Structures are given as structure tokens and as C-alpha cells.
Amino acid sequence: MRLTKRDYEVLSLLNRCRYATTKQLVELYFRENKPKTATRRANLLTKKLSNLGLIHHLERRIGGVRAGSGSYIWHITHKGIKVLREIEPSVKLKLKNRYEPTRNHLKHQLFVMQLFVELYKLHSERKLFLENFSFEPRCWRSFATLFSHFTLKPDAFTKLSIGDFEDAYFLEADNVTEHIGRVIAKCKQYIAYFNTGIEQRENEVFPLVVWIVPDEKRKIAILNRIKEDLDAYWELFEVVTLDEFSGFIQGGQDD
């Protein structure tokens, strides 16, 4: 069966993001259709790629069995990566984990994926131009200090344009699974990287680090600790809820 351009796009995305729900694929590729039509078209696409052995869904679903086919969580297979390499030779051929991811890991990966979905929707609506969105590990940064070598591991990096302005962000998806002390420790890694000047030399600016959290309570807790513990460096960071994310990116939140 011949693959279409969209088939390859879905394979490429799943190779980069690791996991995506059918609902997220609907939002990315079939938003121009009516809801029932969009879901049906997404189901046909995933069924085709699944029957070819190029993608597979986890046993676990979002919302359980009663949520229907829209609750499937998809990932690319080893065969899918081999097919993708035919048009993207730089893709690394890696073995897929035979075991299902833990609940917290999967929740985190889908949260990061949803950030991409939100930005892509703004791009599709021409509210911004999405130049780049890098998932892990392509968004990681390696650097050295006087004492050791480190790898800064953002959850994602994005660069976008709105009008005449170009913005860059390191994104951190917070599911309230980490103690706030771990959040502050991660912030200090960003500060150490900022002080090397590497990013500024290569890209002229240092990306704003945005923590995206589920609710207002978590947002206030992290903001307060950042301002208490990080002295003047707190200006490198912002904290928003997922509901606020799209508006913040478009400049709808006060400084």
C-alpha cells in the first residue's frame, strides 16, 4: 500500500514525540473537518499504518475503553522507523522498548505533545509562525563548567515568529509529580547554562524558560519559590497554566 505525504508526516511526528493520542492527531491533521468526520479520517489513517505494522497503540488508553478509538495512544514501530528512513536518512534506527511506559512518564510525554498541538493550532490559524519545535533529546544542551560537564534537558524547545518579533522558549511540562525543590534545582541548571553564555553567542538571546502547570495553585507555589530562591535570575523564568499557555505565547499576559 502506497504511503501518502500525511502518512509520512505522522510517522515523522511519532518518531520525534514518542507518543500521541488519536485525539491529538485529529487536532493536528484533521481540524478542518467536522468532529465526527475528523475522528473517522484519523481512525482510517491510524488503522492503515497499524495494519502495515508501522505504528502500534498501547494497551493503556486515555479515559479507558469506553472513550472509544479516540483514546488510543500511538507510537512508531521499528518497522515504521525503517520506512521513515527512506525519506529521512538522518533518522536513527533504534529498538523500541517492549514494555509499556509508566503512567507518570506517559502522562508527561502526552503533556509535552499537547504543548506542540497548541502551538501548531496557532500556526494553522496564522496567529504565529512556528519555526521550530524540538522534542527530547534534540532540544538538550551540553555544556561544561569549571568542575564538570552537564547536559541540560528541557522538555522541549520552540522558536516562533509573531509579526516582526521572533521568540524562543525552553518549555518545562509540570504534572505536579515532582517536589518543588526538584523544580528549583532544574532552574539552577538553566542559570548555570545561562552563565556560560553559549546560547547567547550562538543565537543572540537566551530563551525564556516557561514552566507549564495544571492549575493556579501549582503556578503560585512555583512562582513564589522561584522569586524567593533565585535572586535576580527569576526573570529567566515564567510559570503559566496549560489554559493560559496559548494566550501567553501570543503576548496576552502582562509582564
Side-chain angles (χ1 to χ4, degrees), residues 13 16-28 31 58 60-64 66-68 70-75 100-123 127-128 130 133-136 139 152-158 160 167-190 207-230 234-255:
L13 175 65
R16 289 182 286 121
C17 73
R18 301 181 188 178
Y19 301 101
T21 65
T22 302
K23 182 180 178 182
Q24 288 173 330
L25 296 179
V26 167
E27 292 183 278
L28 288 170
R31 291 181 61 245
L58 301 178
R60 184 187 291 116
R61 298 191 187 189
I62 297 296
R66 291 185 178 182
S71 64
Y72 281 132
I73 303 167
W74 298 94
H75 64 87
E100 297 241 334
T102 64
R103 182 176 180 275
N104 283 342
H105 177 72
L106 183 60
K107 185 179 180 181
H108 179 78
Q109 292 296 131
L110 292 177
F111 193 165
V112 177
M113 178 59 184
Q114 191 59 38
L115 299 180
F116 172 70
V117 170
E118 297 301 320
L119 291 176
Y120 191 83
K121 285 194 291 187
L122 294 176
H123 173 83
K127 294 180 179 178
L128 56 79
L130 185 58
F133 190 101
S134 299
F135 295 92
E136 296 183 271
C139 61
L152 178 69
K153 298 181 178 180
D155 290 330
F157 168 80
T158 188
L160 51 90
D167 298 322
Y169 302 95
F170 287 126
L171 303 179
E172 292 285 345
D174 176 81
N175 277 315
V176 201
T177 56
E178 299 280 2
H179 188 273
I180 290 184
R182 294 284 295 273
V183 173
I184 297 303
K186 186 69 174 286
C187 289
K188 290 180 178 178
Q189 292 179 11
Y190 278 105
L208 183 67
V209 183
V210 183
W211 289 87
I212 303 93
V213 300
D215 53 55
E216 192 71 17
K217 180 180 178 181
R218 180 70 167 181
K219 170 185 170 180
I220 293 172
I222 293 178
L223 273 174
N224 287 342
R225 281 294 300 274
I226 284 175
K227 291 186 177 181
E228 287 173 7
D229 293 6
L230 302 183
W234 68 267
E235 293 185 345
L236 294 176
F237 306 94
E238 185 57 86
V239 186
V240 299
T241 65
L242 181 58
D243 289 339
E244 296 171 334
F245 180 64
S246 293
F248 169 76
I249 291 296
Q250 294 177 82
Q253 182 163 312
D254 292 336
D255 292 336

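Quantities reported herein were computed from a predicted structural model and do not represent experimental measurements. Values below: all heavy atoms of this structure, side chains included; hydrogens, waters and symmetry mates excluded.
- The shortest heavy-atom contact between Ser134 and Cys139 is O-CB, 3.5 Å.
- Contact check for Glu238 versus Trp211: no side-chain heavy atoms found under the 4.5 Å cut-off.
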Evaluation steps, side-chain contact (heavy atoms from CB on, under 4.5 Å), between Leu13 and Met113 = CA-CA 10 Å; Leu13 175 65; Met113 178 59 184; 3.5 Å; yes
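- No side-chain heavy atom of Thr241 sits less than 4.5 Å from a side-chain heavy atom of Ile212.
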inquiry  = One pair to check against side-chain contact (heavy atoms from CB on, under 4.5 Å): Phe135 and Asp155. What are the steps and the verdict?
reply    = CA-CA 7 Å; Phe135 295 92; Asp155 290 330; over 6 Å; no
message = Evaluate Ile222 against Asp174 for side-chain contact (heavy atoms from CB on, under 4.5 Å), listing each step before the verdict.
response = CA-CA 10 Å; Ile222 293 178; Asp174 176 81; 4.2 Å; yes
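- Val26 places none of its side-chain heavy atoms less than 4.5 Å from the side chain of Arg31.
- Looking only at atom types and distance, the side chain of Thr22 has a donor-acceptor partner in the side chain of Trp74 under 3.5 Å away.
- Of the inter-residue distances, the one linking His179 atom NE2 with Ile184 atom CD1 reads 10.5 Å to the nearest 0.5 angstrom.
- A salt bridge links Lys219 with Glu244: at least one charged nitrogen is closer than 4.0 Å to a carboxylate oxygen.
- Without hydrogens or angle criteria, His123 side chain to Leu130 main chain gives a donor-acceptor distance under 3.5 Å.
- With rounding to the nearest 0.5 Å, the separation of CD in Gln109 from CG in Asn175 is 10.5 Å.
- Remark: Cys17 SG to Leu115 CG distance equals 12.0 Å, nearest 0.5 Å.
- Every residue meeting the side chain to side chain contact (heavy atoms under 4.5 Å, CB included) condition with Lys127, not counting sequence neighbours, appears here in chain and number order: Leu122, Glu125, Gln250.
- Annotation: side chain of Thr158 is in contact with side chain of Leu171 (closest heavy-atom distance under 4.5 Å).
- Residues satisfying the salt bridge (Lys or Arg N to Asp or Glu O under 4.0 Å) criterion with Arg16, sequence neighbours excluded, are absent altogether.
- Evaluation of the side chain to side chain contact (heavy atoms under 4.5 Å, CB included) rule for Ile220 yields Glu216, Asn224 as partners, not counting sequence neighbours.
- One distance of note links OG1 of Thr177 with NZ of Lys107; it measures 7.5 Å at 0.5 Å rounding.
- Tyr120 and Gln24 share no side-chain donor-acceptor pair at under 3.5 Å.
- Taking the six-membered ring for Trp and thresholds of 30 and 60 degrees, Phe170 and Tyr190 have ring planes inclined between 30 and 60 degrees apart.
- One distance of note links OG1 of Thr102 with CD of Glu100; it measures 11.0 Å at 0.5 Å rounding.
- Between Phe157 and Phe133, the ring center distance fails the sub-6.0 Å criterion.
- Rounded to the nearest 0.5 angstrom, Cys187 SG and Leu230 CG are separated by 5.5 Å.
- Looking at heavy atoms from C-beta onward, Glu118 lies out of side-chain contact with Ile249 at the 4.5 angstrom threshold.
- Shown here is Arg182, whose CZ atom has no more than 12 heavy atoms of other residues, nucleotides or ligands within 6.0 Å.
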message = For a side-chain contact (heavy atoms from CB on, under 4.5 Å) check, start with the C-alpha distance between Phe237 and Val210, then their side-chain angles and the critical distance, and finish with the verdict.
response = CA-CA 6 Å; Phe237 306 94; Val210 183; over 6 Å; no
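- The shortest side-chain heavy-atom distance between Thr21 and Leu110 falls under the 4.5 Å cut-off.
- With contacts defined as side-chain heavy-atom distances shorter than 4.5 Å, the pair Arg18/His105 qualifies.
- Across all non-hydrogen atoms, the minimal contact from Glu235 to Leu208 is O-CD1, 3.8 Å.
- Of the charged side-chain nitrogens involved, none lies within less than 4.0 Å of a carboxylate oxygen, so that Lys153 and Glu136 do not count as a salt-bridged pair.
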